[in-house]
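What follows is a set of notes on a single structure, which appears directly below.
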Amino acid sequence: MTESATDLRNARPWGPAAATGVGSLPGTDAREAARTAAGALETLVFLPELPARGPGADMIGRTAGLLTELHAQLEPSGWRIADHPGRDARRAAAWLREDLDATEEYTQGYDGALKVSVTGPWTLAAALQRRNGEAMLGDPGACRDLAASLAEGVRDLLTDIRRRVPGARPVLQLDEPSLAPVLGGRVRTASGYRTYRAVDRVVVADTLRSLVEAAGESPTVIHSCAPDVPFPLLRRSGAAGFSFDLSLITERAYDAIGEAVEDGVTLFAGVLPGDGADPAALSDPAGTVSGVRSLWRRLGLSPALLTGSVVITPTCGLAGASPAYARAALTHCARAARSLADNPE
């Protein structure tokens with residue numbers, strides 16, 4: 001790992017006892033979503049995503065709208081590369097501007113970390129189609145072009161955030177729910193009868209590293225809400241943080257997680273159900289983070305490291321919850337993070 005990557009991992013602009021959201025929120029009102037995110041969180045506000053608005057606000061369409069020199073349009077089978085930007089791309093860009101405008105409004109005078117999520121290069125490659133209907137994942141050259149285009153779009157987005165919210169320290173989150181299927185050769189072709197060949201782990205890590213480097217001085221967090229998160233690979237990418245669902249972690253991952261923490265990586269631990277199925281989960285902040293304490297003991301790490309090495313988040317699914325639950329969940333995560341800081345053991 002390079003010295004600059006080490007510096008980014010240890011910088012932690014969100015500070016100790018931090019909490020944040022994964023990214024998506026319910027509803028279609030950008031101003032209400034921005035008000036919720038800014039009001040519930042103190043040191044790690046995030047740019048909300050509102051997939052309920054429809055195509056272009058979904059994670060693939062939203063990120064496709066960021067690409068430079070690559071254009072996409074919506075087909076019945078999904079998002080596909082096109083020759084020119086069309087109505088779908090313009091709609092995605094307009095919704096992102098609306099989200100940025102709302103966040104700018106509710107973060108006036110804000111001095112802290114501001115996290116923005118984009119779909120990572122491998123999940124994007126697995127979902128975005130070439131003109132023949134097959135995923136870009138099936139063409140190594142197309143994957144390289146896609147990653148380069150995404151990197152340029154990320155740089156532009158982070159520059160825009162710094163301009164809009166001068167006191168903010170941007171944090172990039174790469175959403176990679178399809179990472180394990182990409183590595184395991186489990187992404188199906190357009191026909192559904194075959195799967196694309198597994199991508200070499202070195203290529204995957206190097207591509208992720210290119211996005212980490214594109215973010216420059218902004219730390220990068222890689223998020224995967226799926227089982228079998230490849231923690232050693234993420235560590236090689238130079239990411240400053242890993243975001244995951246704590247309930248899906250098994251003992252097989254413990255050594256890799258412990259090594260990452262000792263290397264300065266921050267764990268963004270999803271500890272609260274995002275679907276709002278259990279309102280009782282919001283009644284006990286200390287209980288919400290009991291799994292984090294248990295993990296720390298199993299890893300044999302010093303309790304003194306815990307507060308600065310863990311950010312508390314909900315799990316994926318807040319987009320499907322009620323607005324009231326989403327607000328309460330973010331507030332509860334902030335309280336749980338403070339509880340963890342007060343009693344790390």
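Being a predicted model, the structure only gives us computed values, none of them experimental. Below, all heavy atoms of this structure are taken into account, side chains as well, without hydrogens, waters or symmetry copies.
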Considering residues at least two apart in sequence or located in another chain, which fulfil the ring-ring contact (aromatic ring centres under 6.0 Å, His included) criterion with Phe46?
-> none
Do [X] side-chain atoms and [Y] backbone N/O form a donor-acceptor pair below 3.5 Å?
{"X": "Glu134", "Y": "Thr189", "value": "no"}
{"X": "Thr266", "Y": "Gly241", "value": "no"}
{"X": "Arg298", "Y": "Tyr254", "value": "no"}
{"X": "Ser309", "Y": "Leu305", "value": "yes"}
{"X": "Asp263", "Y": "Val265", "value": "no"}
{"X": "Thr315", "Y": "Leu272", "value": "yes"}
{"X": "Thr313", "Y": "Phe268", "value": "no"}
{"X": "Arg31", "Y": "Tyr106", "value": "no"}
{"X": "Ser322", "Y": "Tyr325", "value": "yes"}
{"X": "Lys115", "Y": "Gly23", "value": "no"}

Decide yes or no on side chain to side chain contact (heavy atoms under 4.5 Å, CB included) for Val261 and Leu267, but give the supporting numbers first.
-> CA-CA 8 Å; Val261 171; Leu267 307 182; 3.7 Å; yes
I want to check something: taking the side chain as every heavy atom from C-beta on, are [X] and [Y] in contact at a cut-off of under 4.5 Å?
{"X": "Leu25", "Y": "Glu32", "answer": "no"}
{"X": "Leu137", "Y": "Val182", "answer": "yes"}
{"X": "Pro121", "Y": "Leu211", "answer": "yes"}
{"X": "Pro230", "Y": "Leu183", "answer": "yes"}
{"X": "Ile81", "Y": "Leu128", "answer": "yes"}
{"X": "Cys333", "Y": "Pro314", "answer": "yes"}
{"X": "Arg297", "Y": "Ser294", "answer": "yes"}
{"X": "Asp175", "Y": "Val118", "answer": "no"}

How many angstroms lie between atom [atom1] of [X] and atom [atom2] of [Y], to the nearest 0.5 angstrom?
{"X": "Glu75", "Y": "Asp88", "atom1": "CD", "atom2": "CG", "answer": "8.5 Å"}
{"X": "Ile249", "Y": "Asp228", "atom1": "CD1", "atom2": "CG", "answer": "9.0 Å"}
{"X": "Ser210", "Y": "Leu150", "atom1": "OG", "atom2": "CG", "answer": "8.0 Å"}
{"X": "Trp95", "Y": "Arg90", "atom1": "CH2", "atom2": "CZ", "answer": "13.5 Å"}
{"X": "Thr288", "Y": "Ile312", "atom1": "OG1", "atom2": "CD1", "answer": "9.0 Å"}
{"X": "Leu70", "Y": "Leu146", "atom1": "CG", "atom2": "CG", "answer": "6.5 Å"}

Sequence neighbours left out, what passes side chain to side chain contact (heavy atoms under 4.5 Å, CB included) with [X]? Give chain and number order.
{"X": "Glu69", "value": "none"}
{"X": "Pro85", "value": "His71, Ala89"}
{"X": "Ala113", "value": "Pro13, Trp14, Leu44, Val171"}
{"X": "Thr331", "value": "Ala40, Arg335"}

Looking at every non-hydrogen atom in both residues, tell me the closest pair between [X] and [Y] and how far apart they are.
{"X": "Gly133", "Y": "Ala190", "answer": "O-CB, 3.7 Å"}
{"X": "Pro285", "Y": "Ala336", "answer": "O-CB, 3.6 Å"}
{"X": "Trp122", "Y": "Val203", "answer": "CZ2-O, 3.9 Å"}
{"X": "Leu179", "Y": "Leu208", "answer": "CD2-CD1, 4.5 Å"}
{"X": "Ala18", "Y": "Thr43", "answer": "CB-OG1, 3.7 Å"}
{"X": "Ala198", "Y": "Gly185", "answer": "CB-N, 3.6 Å"}

What pairs of donor and acceptor atoms, side-chain ones from residues 96-103 against any protein atom, are under 3.5 angstrom apart with sequence neighbours left out?
unit_1 : atom_1 : unit_2 : atom_2 : d
Glu98  : OE2    : Arg53  : NH1    : 3.4
Asp99  : OD1    : Arg53  : NH1    : 3.1
Asp99  : OD1    : Arg53  : NH2    : 3.2
Asp99  : OD2    : Arg53  : NH2    : 2.8
Asp99  : OD2    : Arg62  : NH1    : 2.7
Asp101 : OD1    : Arg164 : NH1    : 2.7
Asp101 : OD1    : Arg164 : NH2    : 3.2
Thr103 : OG1    : Asp99  : O      : 3.1

Determine, stepwise, if the pair Ser243 / Gln173 fulfils side chain to side chain donor-acceptor pair (under 3.5 Å).
-> CA-CA 9 Å; Ser243 175; Gln173 178 175 299; 4.7 Å; no
In terms of hydrophobic clusters joined by side-chain contacts under 4.5 Å, are Ile257 and Leu248 together?
-> no
Return each pair, listed once, that meets side-chain hydrogen bond (donor to acceptor under 3.5 Å, both in side chains) where at least one residue sits in residues 15-26; pairs must be two or more places apart or across chains.
-> none
Exceeds 12 heavy-atom contacts within 6.0 angstrom, atom [atom1] of [X]:
{"X": "Arg252", "atom1": "CZ", "answer": "no"}
{"X": "Arg144", "atom1": "CZ", "answer": "no"}
{"X": "Gln108", "atom1": "CD", "answer": "yes"}
{"X": "Arg186", "atom1": "CZ", "answer": "yes"}

Output yes when Asp206 and Arg209 qualify as a salt bridge under the 4.0 Å nitrogen-oxygen rule, no when they do not.
-> no
Partner set under salt bridge (Lys or Arg N to Asp or Glu O under 4.0 Å) for Asp111, not counting sequence neighbours = Arg169
Sorted by chain and number, sequence neighbours left out, side-chain hydrogen bond (donor to acceptor under 3.5 Å, both in side chains) with Thr250 holds for none
Taking only residues two or more places apart in sequence, or in another chain, which ones meet Ser290 in a side-chain hydrogen bond (donor to acceptor under 3.5 Å, both in side chains)?
-> none
Contacts satisfying ring-ring contact (aromatic ring centres under 6.0 Å, His included) that involve residues 191-233 (not counting sequence neighbours) are Phe231-Phe242, Phe231-Phe244
Identify each donor-acceptor pair in which a side-chain atom of residues 54-61 lies under 3.5 Å from a protein atom, sequence neighbours left out, and give them as a table.
unit_1 : atom_1 : unit_2 : atom_2 : d
Asp58  : OD1    : Gly56  : N      : 2.8
Asp58  : OD2    : Ile60  : N      : 3.4
Asp58  : OD2    : Gly61  : N      : 2.9
Asp58  : OD2    : Trp79  : NE1    : 3.2

